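First the structure, in the form of structure tokens, and then the observations on it.
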2 protein chains.
Amino acid sequence: MPTSKDVALAAGVAQSTVSYVLSGKRPISEKTRKKVEAAIEQLTYHPNAGARALASRRTHVIGLVIPFIPELHMASLMEFVSSIASTARKHDHDILLVTEDEGANGLRRVVGQQICDGLILMQVAGEDERLPIARSLKVPVVLIGIPRDPSDLVCIDADFELAGQLAVNDLAAAGHSTIGVIAWQPEVVERQVNYVERFVRGTNQAAKELGVKLLHVVGGTDLGTISKSVDEVLAQTKGQPAFIAPEGIVQEILLRTLSARGLTPGTNVSVIGSASPGMAELYPVPLSTIDLRPREVSRRAVEIICGLLESGSEGPHESLELVPATITHRSSVIRPDQAKAS
Amino acid sequence: MPTSKDVALAAGVAQSTVSYVLSGKRPISEKTRKKVEAAIEQLTYHPNAGARALASRRTHVIGLVIPFIPELHMASLMEFVSSIASTARKHDHDILLVTEDEGANGLRRVVGQQICDGLILMQVAGEDERLPIARSLKVPVVLIGIPRDPSDLVCIDADFELAGQLAVNDLAAAGHSTIGVIAWQPEVVERQVNYVERFVRGTNQAAKELGVKLLHVVGGTDLGTISKSVDEVLAQTKGQPAFIAPEGIVQEILLRTLSARGLTPGTNVSVIGSASPGMAELYPVPLSTIDLRPREVSRRAVEIICGLLESGSEGPHESLELVPATITHRSSVIRPDQAKAS
DNA sequence: ACACGCCGTCGATACGCTTCGTCGATACGC
DNA sequence: GCGTATCGACGAAGCGTATCGACGGCGTGT
């Protein structure tokens, strides 16, 4: 492996000049720069990351703390991971995976060893054992998710409250006066990921404004639970029923349950789901969905942390940013008055 | 951040002694070791990764090259990523993500910068542009997937051929004499990921031995294509039909298509799918599935590369390992002779 | 034509660790 | 009793880069 010394030798300059050509921190004449660049090219020189980190106290690596593989959400998780990694590269950083099974110590370890310059925490719960550590660390930390007490923390998340509002608005505008809202899996709710309550708050607020009746029923991953929840809604609905299922798996099971009852989205029942755009198109009736824009959330998370890194700010920061959710209209929402007529 | 010098000072020993306590490469008396360990504990000392890498020429980081986010497989991809990261930690290594959108240069970069000691490549295709680079790199590389020419490469993958055999065996043993095999998505097939043909080979071999008729039909992610494929199979099947769907999304659409034709797995049609164990249980009729054991494949990939790293072998290696697939019997396969009687 | 200033380059040092050579102290043999 | 082998700890030399101070050469002003 060639070193910057080798490059300097080949270009006939001092090692420090090579360094300055690379960093641009001092003016270099056009002529010598060309020489150095040619030598770099020819030797396929890459600066040694370890040495660079040692001397500059910057690793250009961001630690990404991924949650403990909970079977649920695997697909959406990967979407975050993948776009975080891509975005990081655009900002000249790499991503190091920190798995949660190492526990909270993992965070201390990677920061202590100075393997990375900062951390992004995914799936932050309302009360998260990682929060005290996040606050105590002397490196920038960005949370994806909003804990109950976000003081001294930098947070970014999808705007679940807005998502709830939009979904209710949409169904109300179509003419539904009663709407069933199927909750997340109990595992998620118990984990206190407070986006659940933010979403609910959004739906309630919109319902109040619009004079619509909301039925919040439990979700789950088994057919039995969802069946009961669906029946509950059906019993209390006059006319064509409407459902909002903000979670992927729950939505999937809801659709099967409806199908078993002879209900077809877009024909005699309205459904707003949450599949990814690609998936939503694959249903017999393309599904109208809430889009929480995970890629955008990921992008912002990286941008924020890179900003903090560049500004080199030492002290604790505090900020909270929400990425607006959107509703994509496909074909699974009906106008109940019209449906009745047919 | 405390350094090993600080630890040495606190323990009243030389800095090099601290290093030897940590590495164990030289004998240290019980007494001084205790002192040093106490100082480490008290100062919460973590060795600086950059300095360590610089001096030892070992980063203890493995680069994981993830494919260019192809909407498909997100969930299964994450399963690999997650278990690779966990396993790596058990071997005292970390995982650095290398996204494919950086192109083949990404590999050269991370190795050139000596950010990592070795690479794991995921989703290796039959003819993969990364292969020449993999061969030319002077660090260990492990491929997940089997390229057409595996010479000078270290490969690990699920045993798709065995999976094909098992699936056909299973349906044949149940009494089916005609079996429809729905292929992967065209995108996958075109990518020349040769596990497709390995799977097909396995099915054909088993079919030949058992005197069973196989109908290989095209897969896809749209209902139209799968519908045609299903009809093709139904037309050529006498009695109860049987299907094998080795890919998750295709399987999902197959089930919807069958449902629309009044066919229910476990009642009047046999299906062997490929959902993850958790998902398979969620169907109205729990689905019998092929399990390719991705976590096991991941685990082996890490073990192999760590082995290569420890042995410090310079020259190129060559090996090929297959993780046996299994079939999990649930309730979606019927005995057609009995079904007829009912 | 001379002094001064600025741009562009060089040399040296520090970053924190691993590792090799060395040396003091203890335990043993004769 | 002294010399020798052994164990344990020390000091110093890099590893490859960033960065600071210094310095030489050019151009500018008079």
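Here is how names work: the chains are called A, B, and so on, in the same order as the sequence lines, proteins then strands, and each is numbered from 1. As the structure is a computational prediction, the values presented were derived from the model and not from experiment.
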In whole angstrom, give the distance that lies between atom [atom1] of [X] and atom [atom2] of [N].
| X | N | atom1 | atom2 | value |
| --- | --- | --- | --- | --- |
| His46(B) | dC17(C) | NE2 | P | 12 Å |
| Arg52(B) | dG16(D) | CZ | C1' | 18 Å |
| Arg58(B) | dT18(C) | CZ | P | 13 Å |
| Leu54(A) | dT17(D) | CG | P | 11 Å |
| Leu9(A) | dC10(C) | CG | C1' | 15 Å |
| Lys5(B) | dG11(D) | NZ | P | 12 Å |
| Asn48(B) | dT17(D) | CG | P | 16 Å |
| Ile40(B) | dC17(C) | CD1 | P | 10 Å |

Would you call Glu296(A) and Arg300(A) a salt bridge, taking side-chain N to carboxylate O under 4.0 Å as the test? no
Think Arg57(A) has a side-chain N or O under 4.0 angstrom from the OP1 or OP2 of dC15(C)? no
Does dT17(D) have its OP1 or OP2 closer than 4.0 Å to a side-chain nitrogen or oxygen of Ser4(A)? yes
Mark yes when over 12 heavy atoms from residues, nucleotides or ligands other than Glu318(B) sit less than 6.0 Å from its CD; otherwise mark no. yes
Taking C-beta and beyond as the side chain, do Val21(A) and Val7(A) meet within less than 4.5 Å on heavy atoms? no
Nucleic acid contacts of residues 14-33 of chain B, taken as heavy-atom distances under 4.0 Å to DNA chain D: Ala14(B), Ser16(B), Thr17(B), Tyr20(B), Arg26(B), Pro27(B), Ile28(B), Ser29(B), Thr32(B)
Using Watson-Crick or G-U wobble geometry with both distances below 3.5 Å, tell me the partner of dG21(D), or none. dC10(C)
Pairing nucleotide - dG29(C), Watson-Crick or G-U, each distance under 3.5 Å: dC2(D)
Closest-nucleotide mapping onto DNA chain D: is Gly12(B) or Gln114(B) further toward the 5' terminus? I mean the 5' end. Gly12(B)
I need the [X] [atom1] to [Y] [atom2] distance, nearest 0.5 Å.
| X | Y | atom1 | atom2 | value |
| --- | --- | --- | --- | --- |
| Ser136(B) | Asp152(B) | OG | CG | 11.5 Å |
| Leu107(B) | Leu121(B) | CG | CG | 6.0 Å |
| Asp128(B) | Asn194(B) | CG | CG | 10.5 Å |

Given 3.5 Å as the limit, does a donor-acceptor pair link the side chain of Arg33(B) with the main chain of Pro27(B), or not? no
